[in-house]
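In the text below, chain A, chain B and the rest are named by the order of the sequence lines, each starting its count at 1. Atoms considered below: every heavy atom in the structure, side chains included; atoms not considered: hydrogens, waters and symmetry mates.
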Number of protein chains: 2
Amino acid sequence: MKSTASTSEKILDIAQSLIVAGGYNGFSYADISAAIGIRKASIHHHFPAKAELVAVLVDRYTRQAQAGLQSLREQAASPADQLQFYIDYWRSCIENASQPFCVCAMLASEMQMLPDEVASRVRAHFQGLAAWLTSVLQAGVEQGLFRLDKRPEEQAQMLMASVHGAMLSARALGDPGLFIAVVGPEIAMLRAA
Amino acid sequence: MKSTASTSEKILDIAQSLIVAGGYNGFSYADISAAIGIRKASIHHHFPAKAELVAVLVDRYTRQAQAGLQSLREQAASPADQLQFYIDYWRSCIENASQPFCVCAMLASEMQMLPDEVASRVRAHFQGLAAWLTSVLQAGVEQGLFRLDKRPEEQAQMLMASVHGAMLSARALGDPGLFIAVVGPEIAMLRAA
DNA sequence: CACTGCCTTCCTACTAGTAGGTAGACAAAA
DNA sequence: TTTTGTCTACCTACTAGTAGGAAGGCAGTG
């Protein structure tokens, strides 16, 4: 089962796991170099500048996320299920301590000192996610599954903040159960009585 | 209105605002040096190592926070008010965009790569805060003000995660209103009907 | 077929600048 | 006089980034 990923993809994979662990300033080209056995200069060949590397990385991440959300909307029967699958995805990531922690949740906390080209992409990711959540909530309301206190856009923002906040808290305190303890009641409240 | 703070305190003040903006790896002795007009070496006189500086900083922050929470418990009449004042403190900080963003919320997201002496202190801060929240919730239950779904310890952890998560989200998305939108319903739910 | 030239990928070797940290001199205060 | 705080001057390790070349694949051309 050899790795068939291209070098650029391997670089992005390693960079992503390093960012998830330590943020934008928490890794260097030397770290990537050591991790995949390639010289620093070769990384610069693929990604001339660090900001560009991370920008491409966030683009890739957003693309994957959007594809996942899209297929979720096509496969899951009801808006309630779609929302539940979304939450469950992160819950299992956190419980298994599997790396795919949300790279944008991490970068978001460093927003203030991110290069513009990165910061704008992180914001774009959140916009895309909020749009998906909004449409799911909207559909749920129309089908009589959800009952919202506020406008779907606002409710989507709140849900997103809860999910990412809970994700950070659960990891920081080393208590995976915290994620579902925070997010669970939040989505339970959306359900129509 | 001259500053009467000692050099060490000025160093800690600047360091704190720098950490809040960019995290542990987001600032250097040179940054502090430039900000308060003192040489790098002089900072090393006060704080030999960076990890030590931040450890002292977190200690100071925790001490201040505990003092604030203590006086809150003495002054505010009911547990419900105490909780409300706590939330309001952060809400006003975020809405005024005044710097006193929680330095531990920031450091928590970098937990994995913090020096041990810093990480343990950040955890200690959260433990202390959780203890305060637990006792407030407990008192509220005894006075018939709150009705909790879970044990007070758990509920306190959840509340803490929500507050810090909402804080990070509100700042990242540049939407201060998000803080109260996320935290508000959370505490409303605690209230006995 | 061989030859040429281009392109991709990776390399060694380097740069300028910054990181955290140290040694020792000096002045003022205790 | 010892202590405290600051300085200049320096160190080593590491940062992102560059220059230039070697090796191989892959056209197209004779």
Side-chain angles (χ1 to χ4, degrees), chain A residues 2-19 21-58 60 106-107 110 112-119 121, chain B residues 2-58 60 103 106-107 110 112-119 121:
Chain A
K2 267 276 194 60
S3 160
T4 57
S6 71
T7 302
S8 330
E9 276 170 351
K10 275 192 263 180
I11 292 170
L12 292 176
D13 291 342
I14 295 290
Q16 184 162 333
S17 71
L18 289 171
I19 288 175
Y24 185 86
N25 284 314
F27 80 102
S28 73
Y29 273 41
D31 294 329
I32 302 175
S33 162
I36 63 176
I38 199 182
R39 298 290 126 174
K40 247 178 7 125
S42 307
I43 305 173
H44 278 286
H45 165 72
H46 294 278
F47 305 100
K50 190 181 182 182
E52 190 178 320
L53 192 166
V54 179
V56 170
L57 165 53
V58 174
R60 184 185 71 155
M106 191 66 199
L107 291 172
E110 305 179 284
Q112 308 210 352
M113 44 127 283
L114 252 29
D116 288 349
E117 49 198 312
V118 176
R121 282 172 168 84
Chain B
K2 267 274 193 65
S3 161
T4 57
S6 72
T7 303
S8 333
E9 275 170 351
K10 275 193 264 181
I11 292 170
L12 292 176
D13 290 341
I14 295 289
Q16 185 161 333
S17 71
L18 290 171
I19 288 175
V20 160
Y24 186 85
N25 285 313
F27 81 102
S28 72
Y29 273 40
D31 295 329
I32 302 176
S33 163
I36 63 177
I38 201 183
R39 298 289 128 175
K40 255 184 349 144
S42 308
I43 304 173
H44 279 285
H45 167 73
H46 295 277
F47 305 99
K50 188 182 184 182
E52 190 179 319
L53 192 166
V54 179
V56 171
L57 165 53
V58 174
R60 183 185 73 154
V103 73
M106 192 66 200
L107 290 173
E110 304 179 284
Q112 309 210 352
M113 45 129 282
L114 251 30
D116 288 349
E117 48 197 313
V118 177
R121 283 171 168 84

Could you grab the distance from atom [atom1] of [X] to atom [atom2] of [Y], nearest 0.5 Å is fine?
X        : Y        : atom1 : atom2 : answer
Ser33(A) : Ile14(A) : OG    : CD1   : 11.0 Å
Ile38(A) : Ile32(A) : CD1   : CD1   : 10.0 Å
Asp31(B) : Lys40(B) : CG    : NZ    : 11.0 Å

Original post:
Heavy-atom distance under 4.5 Å between the side chains of Leu12(B) and Leu53(B), does that happen here?
Top reply: yes
Original post:
Quick one: does Gln16(B)'s side chain get under 4.5 Å of Phe27(B)'s, heavy atoms only?
Top reply: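 Sidechains of Phe27(B) and Gln16(B): no contact.
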**OP:** Taking only heavy atoms on the protein side, list every residue of residues 44-58 of chain A lying under 4.0 Å from any atom of DNA chain C, sorted numerically.
**Re:**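 When residues 44-58 of chain A is checked for heavy atoms under 4.0 Å from DNA chain C, the hits, listed by number, are His45(A), His46(A).
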Original post:
Using a heavy-atom cut-off of 4.0 Å to chain A, what are the terminal contacting nucleotides of DNA chain D, in 5' to 3' order?
Top reply: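 Extent of the interface on DNA chain D: dT15(D) to dA19(D).
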**OP:** Write down the atom of Asn25(B), the atom of Glu110(B), and the distance for their closest heavy-atom approach.
**Re:** N-OE2, 3.9 Å
Original post:
Which atoms form the tightest heavy-atom contact between Ile19(B) and Met106(B), and what is the distance?
Top reply: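 Closest heavy-atom pair between Ile19(B) and Met106(B): O-CG, 3.3 Å.
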With sequence neighbours left out, what residues match [X] under side chain to side chain contact (heavy atoms under 4.5 Å, CB included)?
X         : result
Ala34(A)  : none
Ala119(A) : Met111(A), Leu114(A), Arg123(A)
Ala51(A)  : Tyr24(A), Pro115(A), Glu117(A)
Pro48(B)  : Glu52(B)

**OP:** Take the C1' atoms of the five end pairs on each side of the helix from dC1(C)-dG30(D) to dA30(C)-dT1(D), derive the two axes, and give their angle rounded to 10 degrees.
**Re:**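 So the angle between the two local helix axes works out to 10°.
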Subject >> Partners passing ring pair (Phe, Tyr, Trp, His ring centres under 6.0 Å) against Phe47(A) (at least two apart in sequence or in another chain) >> reply: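 Ring pair (Phe, Tyr, Trp, His ring centres under 6.0 Å) list for Phe47(A), sorted by chain: empty.
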Subject >> Results of ring pair (Phe, Tyr, Trp, His ring centres under 6.0 Å) for His44(A) - residues two or more places apart only >> reply: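 Residues passing ring pair (Phe, Tyr, Trp, His ring centres under 6.0 Å) with His44(A): Tyr29(A).
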Original post:
Who passes salt bridge (charged side-chain N to carboxylate O under 4.0 Å, His left out) against Arg60(B), sequence neighbours left out?
Top reply: Asp13(B)
Subject >> Nucleic acid contacts of residues 25-38 of chain B, taken as heavy-atom distances under 4.0 Å to DNA chain D >> reply: Ile38(B)
Could you write out each protein N or O paired with an N or O of nucleotides 25-30 of chain C at a distance under 3.5 Å?
none

